[in-house]
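Handing you a structure now.
Keep in mind the model is a prediction, meaning the values are calculated, not measured. All values below were derived from every heavy atom in this structure, side-chain atoms included, with hydrogens, water molecules and symmetry-related copies excluded.
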Amino acid sequence: MASPLPGAIKARFPQARISWLCQPECKDLLSDHPYVDEVILWPRKEWQQLWKEGHYFQLHRKVRDFKKNLRQKNFDLALDLQGLLKSGYLTWLSGANKKVGLGSSEGSYLFMNKVLPRDQGDTSFIGSEYRYLASQLGYETSEFRMQLGLSQSSNESTTTLLKRLGLEAYFVICPFTTRPQK
């Protein structure tokens with residue numbers, strides 16, 4: 001849903017370097033995004049395992065090293081798009097001078113310089129909260145459309161599968177959601 005944000009940022013700041021921090025299972029959705037320069041993986045499962053096993057010192061070192069690597073990138077702006085405690089903490093780890101949260105809850109607002117409400121803007125649009133965030137940051141939103149980058153091999157695999165199934169097109173339904181625009 002937030003995939004239009006990098007394009008909106010690049011439209012205003014063409015030289016911007018955009019990094020997207022995510023869990024490893026989301027990497028393939030972002031690796032080939034045309035406006036994302038770098039995907040940073042948060043090793044959530046590794047950190048959880050160290051916690052469960054009581055390896056607190058080792059976990060502390062991993063978190064410290066992760067923080068150090070993030071801060072070496074000298075981020076100007078970090079956006080917390082989830083508004084959760086974990087995402088707020090990761091936003092803080094970035095060391096960015098400006099940290100903006102979207103609908104911050106669970107205490108994540110404590111890590112932010114600014115928090116914007118999640119339920120603003122034209123909610124008839126899918127991803128309306130991200131469009132609202134972009135507009136509040138001064139980015140153009142007239143061409144704010146979801147965008148996934150697909151690798152050539154993914155495109156070829158999909159084309160092959162559709163041909164094998166005798167389909168020319170398809171659509172996806174997301175029946176389990178709490179948001180009406182989905």
Side-chain angles (χ1 to χ4, degrees), residues 1-13 16-45 47-48 63 66-67 70-71 73-150 171-182:
M1 302 287 187
S3 64
L5 276 171
I9 294 168
K10 291 267 189 169
R12 173 113 188 258
F13 300 104
R17 178 163 174 77
I18 298 178
S19 300
W20 196 310
L21 189 147
C22 67
Q23 294 174 199
E25 54 270 21
C26 297
K27 179 184 178 197
D28 289 342
L29 293 173
L30 298 163
S31 294
D32 291 300
H33 190 294
Y35 298 111
V36 173
D37 299 298
E38 173 187 31
V39 176
I40 301 169
L41 301 180
W42 172 44
R44 177 184 181 186
K45 289 182 181 177
W47 290 12
Q48 285 177 326
V63 172
F66 192 75
K67 175 183 165 184
L70 286 177
R71 292 190 176 199
K73 295 177 184 297
N74 297 311
F75 293 113
D76 297 312
L77 171 66
L79 302 174
D80 175 9
L81 303 176
Q82 290 183 307
L84 303 173
L85 182 60
K86 69 177 181 178
S87 58
Y89 179 67
L90 292 168
T91 302
W92 175 80
L93 284 180
S94 75
N97 289 329
K98 186 175 182 181
K99 295 173 281 298
V100 178
L102 180 60
S104 297
S105 61
E106 300 180 352
S108 63
Y109 60 89
L110 296 170
F111 298 111
M112 302 300 131
N113 303 105
K114 183 175 185 174
V115 174
L116 295 170
R118 183 172 289 280
D119 56 354
Q120 299 297 307
D122 185 349
T123 57
S124 65
F125 287 109
I126 196 160
S128 59
E129 63 271 32
Y130 306 112
R131 179 187 294 253
Y132 174 75
L133 171 68
S135 71
Q136 295 302 298
L137 294 173
Y139 306 140
E140 176 60 43
T141 60
S142 62
E143 296 295 323
F144 204 80
R145 292 190 175 99
M146 290 183 4
Q147 184 171 20
L148 296 178
L150 296 175
F171 65 95
V172 177
I173 298 173
C174 183
F176 304 106
T177 183
T178 58
R179 297 189 334 213
Q181 67 267 39
K182 281 188 178 179

Side-chain donor or acceptor of Arg145 paired with backbone N/O of Pro4 under 3.5 Å: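 Such a contact is absent between Arg145 side chain and Pro4 backbone.
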All side-chain contact (heavy atoms from CB on, under 4.5 Å) counterparts of Phe13, not counting sequence neighbours: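 Testing Phe13 for side-chain contact (heavy atoms from CB on, under 4.5 Å), a comparison that skips the adjacent residues, returns Ala16, Tyr139.
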Heavy-atom closest contact (Ala134 atom, Phe144 atom, distance):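 Looks like CB-CE1, 3.7 Å.
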Partners meeting side-chain hydrogen bond (donor to acceptor under 3.5 Å, both in side chains) with Ser3 (sequence neighbours left out):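 Result, side-chain hydrogen bond (donor to acceptor under 3.5 Å, both in side chains) vs Ser3: none returned.
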Working for side chain to side chain contact (heavy atoms under 4.5 Å, CB included), residues Ile40 and Lys73: CA-CA 11 Å; Ile40 301 169; Lys73 295 177 184 297; 3.9 Å; yes
Validation row: His33, Gln147 side chains within 4.5 angstrom (heavy atoms):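 Yes. Closest side-chain heavy atoms under 4.5 Å.
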Polar side-chain atom of Ser87 near backbone of Asp80 as donor-acceptor pair, under 3.5 Å: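 Such a contact is absent between Ser87 side chain and Asp80 backbone.
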side-chain contact (heavy atoms from CB on, under 4.5 Å) partners for Lys86, two or more places apart: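 Result, side-chain contact (heavy atoms from CB on, under 4.5 Å) vs Lys86: Gln23, Trp42, Arg44, Gln82, Leu84.
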Separation of Leu5 CG from Arg131 CZ (nearest 0.5 Å):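 It comes to 11.0 Å.
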Check: Asn97 side chain, Asp76 main-chain N or O, donor-acceptor pair, under 3.5 Å: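 No, because the side chain of Asn97 does not come within donor-acceptor range (under 3.5 Å) of the backbone of Asp76.
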Nearest-0.5 Å distance that lies between atom CZ in Phe111 and atom CG in Leu85: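 Answer rounded to 0.5 Å: 5.5 Å.
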Whether Ser108 side chain and Ser104 backbone form a donor-acceptor pair below 3.5 Å: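 Answer holds: no.
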Pro117 versus Leu102, closest heavy-atom pair with distance: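 Closest approach of Pro117 to Leu102: O-CD1, 3.6 Å.
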Under 3.5 Å donor-acceptor, Arg118 side chain and Leu81 backbone: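 A pair under 3.5 Å: yes.
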For the student: nearest non-hydrogen atoms of Thr91 and Lys99, plus distance: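 Nearest heavy atoms, Thr91 then Lys99: O-CD, 3.7 Å.
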Interatomic spacing from OH in Tyr89 to CD in Glu106 - rounded to 0.5 Å: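 Taking OH in Tyr89 and CD in Glu106, the distance rounds to 15.5 Å.
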side-chain hydrogen bond (donor to acceptor under 3.5 Å, both in side chains) involving Asp28 - partner list, sequence neighbours excluded: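 Asp28: no side-chain hydrogen bond (donor to acceptor under 3.5 Å, both in side chains) contacts found.
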Short side-chain to backbone donor-acceptor contact, Ser94 and Leu70, under 3.5 Å: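 Such a contact is absent between Ser94 side chain and Leu70 backbone.
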Considering all heavy atoms, the nearest Tyr35-Gly7 contact: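 So the two residues come closest at CD1-CA, 3.5 Å.
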CG-CZ distance between Leu90 and Phe66, expressed to the nearest 0.5 angstrom: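 Between Leu90 CG and Phe66 CZ, I get 6.0 Å after rounding to 0.5 Å.
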Salt bridge (Lys or Arg N to Asp or Glu O under 4.0 Å) partners for Arg17, two or more places apart: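 In terms of salt bridge (Lys or Arg N to Asp or Glu O under 4.0 Å), with neighbours along the sequence ignored, Arg17 is linked to Glu38.
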Residue list, side-chain contact (heavy atoms from CB on, under 4.5 Å) with Leu30, at least two apart or on another chain: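 Partners of Leu30 by the side-chain contact (heavy atoms from CB on, under 4.5 Å) criterion, ordered by chain and then number, come out as Trp20, Cys22, Val39.
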Leu79 CG to Leu137 CG distance, which is reported to the nearest 0.5 Å: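 Answer rounded to 0.5 Å: 6.0 Å.
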Test item: Asp37 side-chain N/O and Ile18 main-chain N/O as donor-acceptor pair under 3.5 Å: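 Flag set: sc Asp37 to bb Ile18 pair under 3.5 Å.
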Rounded distance [0.5 Å steps], CG in Leu93 versus NZ in Lys67: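 Going from the CG atom of Leu93 to the NZ atom of Lys67 covers 7.0 Å.
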